[in-house]
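Accompanying notes for the structure given below.
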Amino acid sequence: EAEILMIFSGPDAYIRPVAWRGSEMMGISAQANTIHVAIAVWEWPSYFSAEAKMKGIRLTLSDWRRPSPDSAPVHAKAAGLYMICTLAKHKAEAAGYQDALMYDYRGYVAEATGANVFIAIDGQLHTPTADCFLNGLTRQTAIELARRNGIEVIERHIQPDELAKATEVFLTGTAAEITPVGEIGPHRFTPGQICKTVMDAYSAEVRK
């Protein structure tokens, strides 16, 4: 029932609402606990450096997979679901990468540790069907902006070996915004016109 609201008036900010159960009782059952809500707002420039964005960030392949819908509340932005993302990202950073690409429980391409992924093949944009991970708001915006700019967007299941056919790849997220990818495991990509079109359209949309 406690609410905290921090106000930030700068041009680039991140808003994070968090809801959690109180400590009146400990255990799996916590039905009598008070629900608390906090809303934090703080300055947040680009998630990745400008230099990294220009050449595309480097992703390794994660050992962890996104869980199936019948094993976790996969469409919720729940703190517990980020544990494997943290483990994957820490391992990636320790190996010199900026992030990791995760497959889903079936072995399809899913997402990065905190951002959705888009893949350009033959002039079309392909993005994994969000059936076992978050359908991010930035993902939805990127789809709309790409289509508005005449780029065909296809939502489908993507096999890992299809990365070999990709010419451009980028990530989308509230923090990542539109971030080009230059490398995923053994695959290399060159950020090009599709990445630039979506990046420019997104920047114009959110910084009017």
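Just so you know, residue 1 is the first one in the sequence shown, and it goes up from there. Computed from heavy atoms alone, side chains included, the values below leave out hydrogens, waters and symmetry copies.
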Distance-only, no hydrogens or angles: does the S203 side chain make a donor-acceptor pair with backbone N or O of D200 under 3.5 Å?
no
Cluster check L61, V169: I/L/V/M/F/W/Y, side chain < 4.5 angstrom
yes
Go through the structure and list residues passing side chain to side chain donor-acceptor pair (under 3.5 Å) with K165, not counting sequence neighbours.
none
Going by atom types only, do D131 and H75 share a side-chain donor-acceptor pair under 3.5 Å?
no
Hey, could you give me the CE/NZ distance between M199 and K196, rounded to the nearest 0.5 Å?
8.5 Å
Applying side chain to side chain donor-acceptor pair (under 3.5 Å) to E168 and not counting sequence neighbours gives none
Ignoring hydrogens and angles, state whether a donor on the side chain of D99 or T113 is under 3.5 Å from an acceptor on the partner side chain.
yes
Please check: side-chain N/O of Q140 versus main-chain N/O of N135, any donor-acceptor pairing under 3.5 Å?
yes
Say whether L134 and I84 are linked into one hydrophobic cluster, either directly or through other cluster members, by side-chain heavy-atom distances under 4.5 angstrom.
no
Any side-chain heavy-atom pair of C85 and R66 under 4.5 Å:
yes
Step by step, would you call Y97 with L59 a side-chain contact (heavy atoms from CB on, under 4.5 Å)?
CA-CA 6 Å; Y97 296 87; L59 274 62; 5.6 Å; no
Nearest 0.5 Å, please: how far is CD1 in I119 from NE2 in H187?
9.5 Å
Atom pair CG (L101) and OG (S62), whose distance is rounded to the nearest 0.5 Å
8.5 Å
Might you work through the side-chain contact (heavy atoms from CB on, under 4.5 Å) test for Q159 and V109, ending with a clear yes or no?
CA-CA 6 Å; Q159 296 284 358; V109 172; over 6 Å; no
Start with the C-alpha gap between D63 and K91, add the side-chain angles, then the distance that decides, and say whether salt bridge (charged side-chain N to carboxylate O under 4.0 Å, His left out) holds.
CA-CA 10 Å; D63 297 327; K91 185 174 180 179; 2.4 Å; yes
CD of Q124 to CD of E152, rounded to nearest 0.5 Å, is 4.0 Å
Within a 6.0 Å radius of atom CE on M83, are there more than 12 heavy atoms belonging to other residues, nucleotides or ligands?
no
Given a cutoff of under 4.5 Å between side-chain heavy atoms of I, L, V, M, F, W and Y, with clusters grown through shared members, what are the other residues clustered with Y108?
none
Enter the distance from L145:CG to T138:OG1 here, rounded to the nearest 0.5 Å.
10.0 Å
Can you hop from I143 to L125 via hydrophobic side chains spaced under 4.5 Å?
yes
Using 4.0 Å as the upper bound for N to carboxylate O, is an ion pair formed by E205 and R148?
yes
In terms of hydrophobic clustering (I, L, V, M, F, W, Y; side-chain heavy atoms under 4.5 Å; direct or indirect links), are I158 and I121 co-clustered?
yes
All ring-ring contact (aromatic ring centres under 6.0 Å, His included) counterparts of F189, not counting sequence neighbours:
none
What do the steps show when you test E24 against T34 for side chain to side chain donor-acceptor pair (under 3.5 Å), and what is the final call?
CA-CA 7 Å; E24 291 87 352; T34 302; 2.8 Å; yes
Is there a donor in the side chain of S68 and an acceptor in the side chain of D70, or the other way round, less than 3.5 Å apart?
yes
Contacts of D104 meeting side chain to side chain donor-acceptor pair (under 3.5 Å) (sequence neighbours excluded), chain-then-number -> R106
Cation-pi geometry met for R65 and Y103 (6.0 Å, 45°)
no
Can a donor-acceptor pair be found, under 3.5 Å and without considering hydrogens, that links the side chain of E111 to the backbone of V117?
no
Going through the checks in order, is the side-chain contact (heavy atoms from CB on, under 4.5 Å) test met by T167 and T190?
CA-CA 7 Å; T167 53; T190 301; over 6 Å; no
Working to the nearest 0.5 angstrom, can you tell me the gap between F118 CZ and N116 CG?
6.5 Å
If two hydrophobic side chains count as joined below 4.5 Å and joins carry through other members, does L171 share a cluster with L163?
yes
Indicate yes or no for a side-chain donor-acceptor contact from T141 to the backbone of L137 under 3.5 Å, with no hydrogens or angles considered.
yes
I would like to know whether I39 and R16 meet side-chain contact (heavy atoms from CB on, under 4.5 Å); could you show each step before the answer?
CA-CA 6 Å; I39 303 174; R16 172 59 62 88; over 6 Å; no
Taking NZ, NE, NH1 and NH2 as the nitrogens, is one of them in E144 or R139 under 4.0 Å from a carboxylate oxygen of the other?
no
Hits for side chain to side chain donor-acceptor pair (under 3.5 Å) against E162, two or more places apart or cross-chain, chain-then-number order -> R156
